[in-house]
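Every chain is numbered from 1 and lettered A, B, ... according to where its sequence line falls, protein lines coming before strand lines.
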Protein chains: 4
Amino acid sequence: MEKGKIGTKTLEEKRDESIQKILHAAMEVFAELGYEGARVDEIAKRSGVNKAMIYYRIGDKGKLYEEVIHYVFGDTVERISKNIKDELSPEEKFKVYLENITKTMAEHPPLPRIMMREIASGWTNFSEAIVKDISGILVIIKGIIDDGVRKGVFIDINPIVVHLMAIGTILLFNLSMPVRQNFYHLLEGKIDVPKDASFEHILPDIEKMMLRALKA
Amino acid sequence: MEKGKIGTKTLEEKRDESIQKILHAAMEVFAELGYEGARVDEIAKRSGVNKAMIYYRIGDKGKLYEEVIHYVFGDTVERISKNIKDELSPEEKFKVYLENITKTMAEHPPLPRIMMREIASGWTNFSEAIVKDISGILVIIKGIIDDGVRKGVFIDINPIVVHLMAIGTILLFNLSMPVRQNFYHLLEGKIDVPKDASFEHILPDIEKMMLRALKA
Amino acid sequence: MEKGKIGTKTLEEKRDESIQKILHAAMEVFAELGYEGARVDEIAKRSGVNKAMIYYRIGDKGKLYEEVIHYVFGDTVERISKNIKDELSPEEKFKVYLENITKTMAEHPPLPRIMMREIASGWTNFSEAIVKDISGILVIIKGIIDDGVRKGVFIDINPIVVHLMAIGTILLFNLSMPVRQNFYHLLEGKIDVPKDASFEHILPDIEKMMLRALKA
Amino acid sequence: MEKGKIGTKTLEEKRDESIQKILHAAMEVFAELGYEGARVDEIAKRSGVNKAMIYYRIGDKGKLYEEVIHYVFGDTVERISKNIKDELSPEEKFKVYLENITKTMAEHPPLPRIMMREIASGWTNFSEAIVKDISGILVIIKGIIDDGVRKGVFIDINPIVVHLMAIGTILLFNLSMPVRQNFYHLLEGKIDVPKDASFEHILPDIEKMMLRALKA
DNA sequence: TATGAATGAGACTTCATTCAT
DNA sequence: CATGAATGAAGTCTCATTCAT
């Protein structure tokens, strides 16, 4: 067999694969239990990688967490800003923005939890880079609103307010899913109670509310 | 001296005082570091009581956390529903509701953090009682919206959506305070950037947005 | 009310009563759990006496244990040597000796357990006085055997062997009671299996065996 | 070097060695001080392994104790029933039975102490397996007596009585060794006082007594 | 590169004992 | 005499990290 190859994978591919497995497992565990609650043993177990390997490949628990944060928030800006084409109307741009946030969270289930924990911890682990990322998103949403204001379709409102509102609402929606059923019986008699309270079904409500709030 | 008195305090008062000190310190520490991150030693240190005292008076770390949760969420419903008088207009009721949430969080700084952590943890420690509390609040907001709909001032919208939006936004606002300054330079040129980004100054923005979203 | 009296009891009577209650509770607890396993709190609870009172009245845990040992083994010699009248035949003397040991243990249920634990611990807490007590008993049994030998009814045997055999057998009988039922099914077919395996019913067997062993 | 080998030991051997060291030390310490009195630190110190190792390899203190009990009583039945050949006379069988009990205890010095403590504690930690072991021994001694009865050399006696007598006597002999010297001066004038009061020297006396008791 | 063995530091918890009235 | 409050010291247990091969 060719040197440097294992099966059909190069050593490098194998290493990358290990790192991927570790990061995925770590992401899950950190999301479920938080930084302090997470156990390196558990991460090793879930990733199917020897514990010492984690130290060898990535580093200590803190470094591992940093990597996870980086991994999780890595392309968030790109994702959120994706498809916000210039030729779209401000409303359409805003919808794409909301949908992208929603989709990003749906595709990375640990993301909302890690985000909330990080915020609750005082953004301690949000590195300069991530703060810059968030700035990037703020610039985008500012652009959308400015455009709307110019075109007379949006009111003039602080984009930070808008973004926090969007993120806060979506986060809470996302994470309240498991307990939301407990509350629906309170709403008997309301026509529009969705039997399926899943995230996708409620996104339109959020969109509707936010656009109503924004529209001039 | 009268039996059962120590200085000017009865034994009972002394005990209650110890308990109060412990709960306050615990509340702070749990808020800052989460359940797993909190150290019983630290709680003892901050409360100025011996560590064994915590076990003597309250119980183990888990029991202490439960007590804190109970203590923190104890009268939340009352606080939030306070002053929502029948003679008020739906808009006014809604404003009182938002302001009460805001004030409650402002008065109990650890509350938002503990809340976010709990939500991120999957509401694991939200006891039956707390879920009932939240139900109580939902009933209130449902009442406000129903009233508004009847009077033709509000659109017919799922109250859960409204509440999650309110809570999510306020939570995020509250907890983003320490980093918000980092972002304001991005907004240069916007007229209404508040130099003082404190919570109270932004509440009107939230109110405005939410009411615009609700109004028929 | 007369000074120094409480109800109809003098202070001294009351104190003695407290001490009795403490010692009885302590005896029980030490028997059940051993010195290390016993908790001063538990002793206080069972005796109905405030924990600090134990320290005030008796002393620390070690002192309390000493007192219990003293209390428990106090009149054992007297009890065992009681009724061994000179005019009795050696066999009758020996029977009285065995019965007295048996009765003493039956009347002081904690005694066998404490005894076994003490022996297992290397007789650590058996003070000089208690060792002297045991010597006293040995002298008695030696006298019985010597008498028997003189009269030609007993073989000449080391009295220590006899005493250890008696004590060992009775102790083990006493303490195996709770589990003995588990074994009786093994003996099906044997005629003399007692349905009631209580101590008193088996004493005759022990007597019979020991006398057969001793008789010339 | 061969994979999985450390020096001349395989990993597995190294692990087993650790476990052995822990169990031996634990056996000693539990025997000396009882379950409650034993300190995990002390066990670690004596076994020469890190304290955490105990938890890693065996488990908590309770589990460790269980393992010790298992280890100590493990092959007791086999040992005691060993060499009791069918062609032996009932008396010879009984002697072998007594000698085997004696030897087993002599080879495992902690055994008698642990046994006495366990009995004093109410047999709490004697698992199903150990009770079964004891049953096994009872069946053996029952066989010996039945054989003797059939051959007309033994009286018909409850084997439980016999076994308790044997065990009780041997246990007490064994554990009274350290204090027995204190008593020998009482026996001056008796011819057969052994200068060396060690266990082996007294076994014949026990044998003699028990056989006299049994013989028809 | 990979892994089972091993451990120091520190967390949680208990409990005998003393304090303050 | 009596008692609830309080605590220092020490025990059990865990876990991130390193070692040895």
Hey, does [X] reach any base, or is it just sugar-phosphate, or nothing, if we go heavy atoms under 4.0 Å?
| X | value |
| --- | --- |
| C:Asn50 | base |
| C:Ala44 | nothing |
| A:Asp60 | sugar-phosphate |

- Message: Suppose we screen for side-chain contact (heavy atoms from CB on, under 4.5 Å). Which residues come up paired with C:Glu66, at least two apart in sequence or across chains?
- Response: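 If we apply the side-chain contact (heavy atoms from CB on, under 4.5 Å) test to C:Glu66, skipping adjacent residues, the hits are C:Lys63.
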Please state how far atom [atom1] in [X] lies from atom [atom2] in [N], giving the value in whole angstrom units.
| X | N | atom1 | atom2 | value |
| --- | --- | --- | --- | --- |
| A:Lys45 | F:dA16 | NZ | P | 14 Å |
| B:Ile43 | E:dT13 | CD1 | C1' | 14 Å |
| D:Asp41 | E:dA9 | CG | P | 14 Å |
| A:Glu42 | F:dA16 | CD | C1' | 15 Å |
| C:Arg39 | E:dA16 | CZ | P | 5 Å |
| B:Glu36 | F:dT14 | CD | C1' | 12 Å |
| B:Tyr56 | E:dT18 | OH | P | 17 Å |
| B:Ile22 | F:dT7 | CD1 | C1' | 12 Å |

- Query: In terms of side-chain geometry, is the basic nitrogen of C:Glu32 or C:Arg113 positioned less than 4.0 Å from the acidic oxygen of its partner?
  - Reply: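 Not counted as a salt bridge, because no side-chain N and carboxylate O are separated by less than 4.0 Å.
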- Message: Salt bridge or not between B:Arg39 and A:Glu36? Use side-chain N to carboxylate O under 4.0 Å.
- Response: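 Yes, B:Arg39 and A:Glu36 are salt-bridged.
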Give a yes/no answer on whether the side chain of [X] brings an N or O atom under 4.0 Å of OP1 or OP2 in [N].
| X | N | result |
| --- | --- | --- |
| D:Ser18 | E:dA6 | yes |
| B:Arg15 | F:dA6 | no |
| D:Tyr55 | F:dT14 | no |
| B:Arg57 | F:dG4 | no |

- Task: State the pairing partner of E:dT21; accept Watson-Crick or G-U wobble contacts with both distances under 3.5 Å, and report none otherwise.
- Result: F:dA2
- Per A:Lys61 side chain, nearest of listed nucleotides F:dT17, F:dT12, E:dT3: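 Output: F:dT17.
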- When you measure from the side chain of D:Met53, which nucleotide among E:dT1, E:dT7, F:dT7 comes out closest? E:dT7
- Identify the two heavy atoms, one from C:Lys61 and one from C:Tyr35, that lie closest to each other, and give their separation to 0.1 Å. NZ-O, 2.8 Å
- Query: For A:Ala52 and B:Tyr35, take the nucleotide of DNA chain E holding the closest heavy atom to each; which residue's nucleotide lies nearer the 5' end?
  - Reply: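 Final value for this comparison: A:Ala52.
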- Query: Does a distance-only test, which skips hydrogens and angles, find a donor-acceptor pair under 3.5 Å between the side chain of D:Lys51 and the base of E:dT7?
  - Reply: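 Counting by modelled atom types and ignoring angles, no donor-acceptor contact under 3.5 Å is found here.
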- Item | Donor-acceptor under 3.5 Å (B:Arg117 side chain, B:Ala31 main chain) |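 Present.
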